[in-house]
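This report refers to the structure that appears directly beneath it.
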Amino acid sequence: SDWGARIACVRQNATDSQADAALSFWTGANDANATEKMRIAMNGHVGIGTTNPSMDLCVKAADGGQLSLETTDTALQDGDDLGHIYFQAHDSDLSSPPANGAIIRGEAAGNWDNSSSYDAPARLKFYTQNDGTGNGMGKPRMVITHGGLVGMNVEAPTSELEIESSGAGHNSISLWCANSSSGDPF
């Protein structure tokens, strides 16, 4: 009889005389034979749905890998946090690593209605750290609203694309043609 679940040590390379090994996690349902669902490779890469993860975290599925960031809040209101993606580093020159270089934040853009899974307005906020000692993450650099409006240096855009200058001398938009021989904007 097959086990419904197991954790196994798996050789990374059957022809290798080294003890290179991975940890694999197997599960099965309804008394079916267990199949491998997740692997931690010898290089530390984690694969879900793959036995050969090519990145630190690789999620693979026939219909595309999916990642879910969910809140446990059951009464979402405008401004409530839905999740963050942090881009961090442990640079030795930093006074207190890790430091956030960029953040993508999902947040509720109004009260969510529990009677419909479609009444869930949300916005994305994109933050980047400036070069210096001040905190550049206090205000998002870009926002995409629940209505599809985009604001750059504008938290509540009122048109399809709204751009606010970040300071003196930054009050223009340039479009460049990649095939231009002169390099002049058009």
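With contacts defined as side-chain heavy-atom distances shorter than 4.5 Å, the pair Pro140/Glu155 qualifies. Side-chain contact between Ile104 and Phe87 is present, with heavy atoms from C-beta onward closer than 4.5 Å. Side-chain contact between Thr145 and Pro157 is present, with heavy atoms from C-beta onward closer than 4.5 Å. Within the 4.5 Å cutoff, the side chain of Phe126 has no heavy atoms near those of the Arg141 side chain. Residues Val150 and Glu160 fail the side-chain proximity criterion, which asks for heavy atoms closer than 4.5 Å.
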Is there a side chain to side chain contact (heavy atoms under 4.5 Å, CB included) between Val154 and Val143 once you walk through the steps? CA-CA 7 Å; Val154 176; Val143 173; over 6 Å; no
Side chain to side chain contact (heavy atoms under 4.5 Å, CB included), that's the test. Do Phe25 and Lys37 meet it? Break it down for me. CA-CA 6 Å; Phe25 299 79; Lys37 302 296 191 303; 5.7 Å; no
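Connection of Ile48 to Ile7 is established within a shared hydrophobic cluster, with ILVMFWY side chains joined at heavy-atom distances below 4.5 Å, either directly or through further cluster members. There is a path of hydrophobic side-chain contacts, each under 4.5 Å, that joins Met152 to Ile144. No single ILVMFWY cluster, assembled from side-chain heavy atoms under 4.5 Å apart, contains both Leu82 and Ile85. Residue Met142 is grouped with residue Ile163 when hydrophobic side chains (ILVMFWY) are merged at heavy-atom distances under 4.5 angstrom, including chains of intermediate members. Each of Tyr86 and Leu57 belongs to its own hydrophobic cluster when Ile, Leu, Val, Met, Phe, Trp and Tyr are linked at side-chain heavy-atom distances under 4.5 angstrom.
Taking all atoms of both residues into account, the shortest heavy-atom contact from Ser24 to Glu36 is CB-OE2, 3.1 Å. Nearest heavy-atom pair, Lys139 versus Glu164, reported as atom, atom and distance to 0.1 Å: NZ-OE2, 3.9 Å. Of all non-hydrogen atoms in Ala41 and Ala22, the two that sit nearest each other are CA-CB, 3.9 Å. Ala109 approaches His146 most closely through the heavy-atom pair CB-ND1, 3.8 Å. Between Arg39 and Val10, the shortest heavy-atom distance links the atoms NH2-CG1, 3.8 Å.
In Asp131, the CG atom is not crowded: 12 or fewer heavy atoms of neighbouring residues, nucleotides or ligands sit closer than 6.0 Å. Remark: Met38 CE is packed, more than 12 non-hydrogen atoms of other residues, nucleotides or ligands lying under 6.0 Å away. The number of heavy-atom neighbours closer than 6.0 Å to NE2 of His84, taken from other residues, nucleotides and ligands shown, is above 12.
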Show which side-chain atoms of residues 65-72 pair as donor or acceptor with protein atoms under 3.5 Å away, not counting sequence neighbours.
from  : atom 1 : to    : atom 2 : distance (Å)
Ser68 : OG     : Glu70 : OE2    : 2.9
Thr71 : OG1    : Asp73 : N      : 3.1

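Salt-bridge check for Arg123 with Asp78: passed, with a basic side-chain N closer than 4.0 Å to an acidic carboxylate O.
Trp112 places a side-chain N or O within donor-acceptor distance of the main-chain N or O of Pro121, the cut-off being under 3.5 Å.
Between the side chains of Gln88 and Asn100, a donor-acceptor pair is found at a separation under 3.5 Å.
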